[in-house]
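Reviewing the structure listed below.
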Amino acid sequence: MSARKPYMRQMSKTSWFMTHSRYKSYMLHEVSSLFVGLYMALLIAGLFCLGLGPEAWASFLAFVKNPLVVILSLIAFAFFIVHTVSWFQAVPQAMRIQQGEHFVPGKLIVGAHYAVLAFVSLFVLILAGVA
Amino acid sequence: MARSAKAIPWFLFAAGGTITAFVLPVMLFVTNLAPPLGLFRDALSW
């Protein structure tokens with residue numbers, strides 16, 4: 001048996017991420033994946049309902065209108081925004097575009113992402129029936 | 001420098017996060033928030 005007694009910093013196993021704002025925002029981003037997974041399961045269930053016929057689709061719409069589901073959807077919406085914002089913030093770290101001697105500034109890359117986000121959102125809304 | 005052989009898993013991971021970031025907010029609005037608000041009735045009809 002070794003006589004070593006290495007220093008082990010005291011750290012909570014369940015709330016270590018509350019000790020620093022950077023860890024908190026990291027955890028917030030990671031938790032958003034839970035809601036993405038839940039929403040994906042709901043979307044697949046909705047697709048099956050769509051295939052089963054008008055009654056099944058109506059029951060899916062009724063499920064979506066359930067107050068509890070609406071509250072969960074609002075929370076999920078907030079988490080999706082968190083995911084989008086934090087993902088776009090990380091893009092310049094992963095994507096370095098060189099132009100001649102210099103790199104394209106990160107702000108420009110992030111801005112382009114927001115522009116594409118606006119375009120995609122508008123496109124989906126037009127498909128859904130916004131004038 | 002040794003090249004990582006993990007490019008494909010990481011590509012899938014990044015692609016998923018990117019698609020999620022661009023598409024999911026508006027998708028959730030159309031499928032989950034529009035029905036209770038009574039929006040997009042034609043698009044959501046069977």
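Below, chains carry the letters A, B, ... as their sequence lines are ordered, and counting in each starts from 1.
- Residue Leu28(B) touches chain A through both its backbone and its side chain, counting heavy-atom pairs closer than 4.5 Å.
- Both Val64(A) and Met27(B) belong to a single network of hydrophobic side chains, linked directly or stepwise wherever heavy atoms of I, L, V, M, F, W or Y lie under 4.5 Å apart.
- Interface remark: Tyr39(A) contributes side-chain atoms only to the contact with chain B (heavy atom separation under 4.5 Å).
- With chain B as partner, the option from Ser33(A), Ser32(A), Pro54(A) having the largest number of non-hydrogen pairs under 4.5 angstrom is Pro54(A).
- At least one side-chain heavy atom of Leu125(A) sits under 4.5 Å from a side-chain heavy atom of Phe40(B).
- Neither the backbone nor the side chain of Asp42(B) has a heavy atom closer than 4.5 Å to any heavy atom of chain A.
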From CA spacing to verdict: side chain to side chain contact (heavy atoms under 4.5 Å, CB included), Leu74(A), Asn32(B): CA-CA 9 Å; Leu74(A) 286 172; Asn32(B) 284 39; over 6 Å; no
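- Annotation: maximal heavy-atom pairing with chain B below 4.5 Å, among Val124(A), Leu127(A), Val70(A), Val91(A), occurs at Val124(A).
- Taking chain A as the reference chain and counting heavy-atom pairs below 4.5 Å, the highest number among Gly17(B), Ala14(B), Gly16(B) is found for Gly17(B).
- A distance-only check finds a donor-acceptor pair linking the side chain of Trp57(A) to the backbone of Leu44(B) [under 3.5 Å].
- Taking a 6.0 Å sphere around CE of Met27(A), one finds it holds more than 12 heavy atoms contributed by other residues, nucleotides or ligands.
- Linking Ile, Leu, Val, Met, Phe, Trp and Tyr whenever their side-chain heavy atoms come within less than 4.5 Å leaves Leu38(A) and Ile71(A) in two separate clusters.
- Of the listed residues (Ala58(A), Pro67(A), Ser86(A), Ser73(A)), the greatest number of heavy-atom pairs within a distance under 4.5 Å of chain B belongs to Ser73(A).
- Val31(A) and Leu28(A) fall within the same hydrophobic cluster, defined by Ile, Leu, Val, Met, Phe, Trp and Tyr side-chain heavy atoms under 4.5 Å apart, directly or through other members.
- Taking every heavy atom of both residues into account, Ala21(B) and Leu117(A) meet most closely at O-CD1, 3.5 Å.
- No more than 12 heavy atoms of other residues, nucleotides or ligands sit less than 6.0 Å from atom CZ of Phe63(A).
- Remark: Tyr26(A) OH is loosely packed, at most 12 non-hydrogen atoms of other residues, nucleotides or ligands lying under 6.0 Å away.
- At a threshold of 4.5 Å between side-chain heavy atoms, the hydrophobic network of Ile, Leu, Val, Met, Phe, Trp and Tyr places Leu34(A) and Phe13(B) in two separate groups.
- With a threshold of 4.5 angstrom between heavy atoms, Phe88(A) approaches chain B through side-chain atoms but not through N, CA, C or O.
- Counted within 6.0 Å of CD1 on Ile8(B), heavy atoms from surrounding residues, nucleotides or ligands total 12 or fewer; the atom is thus considered open.
- Note: Leu24(B) CG to Phe77(A) CZ = 10.5 Å, rounded to the nearest 0.5 Å.
- The environment of CD in Gln99(A) is sparse: at most 12 heavy-atom neighbours from other residues, nucleotides or ligands sit within 6.0 Å.
- Residue Leu33(B) is not grouped with residue Leu68(A) when hydrophobic side chains (ILVMFWY) are merged at heavy-atom distances under 4.5 angstrom, including chains of intermediate members.
- Contact of Leu72(A) with chain B is not made at all, since no heavy-atom distance falls under 4.5 Å.
- When heavy atoms are compared at a cutoff of 4.5 Å, Thr18(B) approaches chain A by way of both its backbone and its side chain.
- In this structure, Trp87(A) CH2 and Ile19(B) CD1 are separated by 10.0 Å, a value rounded to the nearest 0.5 Å.
- Ranked by heavy-atom pairs under 4.5 Å with chain A, the first of Val30(B), Thr20(B), Val23(B) is Thr20(B).
- With a 4.5 Å cut-off on non-hydrogen atoms, Leu122(A) does not touch chain B at all.
- No close placement of the Phe22(B) and Tyr114(A) rings is indicated, their centers lying 6.0 Å or farther apart.
- In terms of heavy-atom proximity, Ala43(B) sits nearest to Ala128(A) at CB-O, 3.1 Å.
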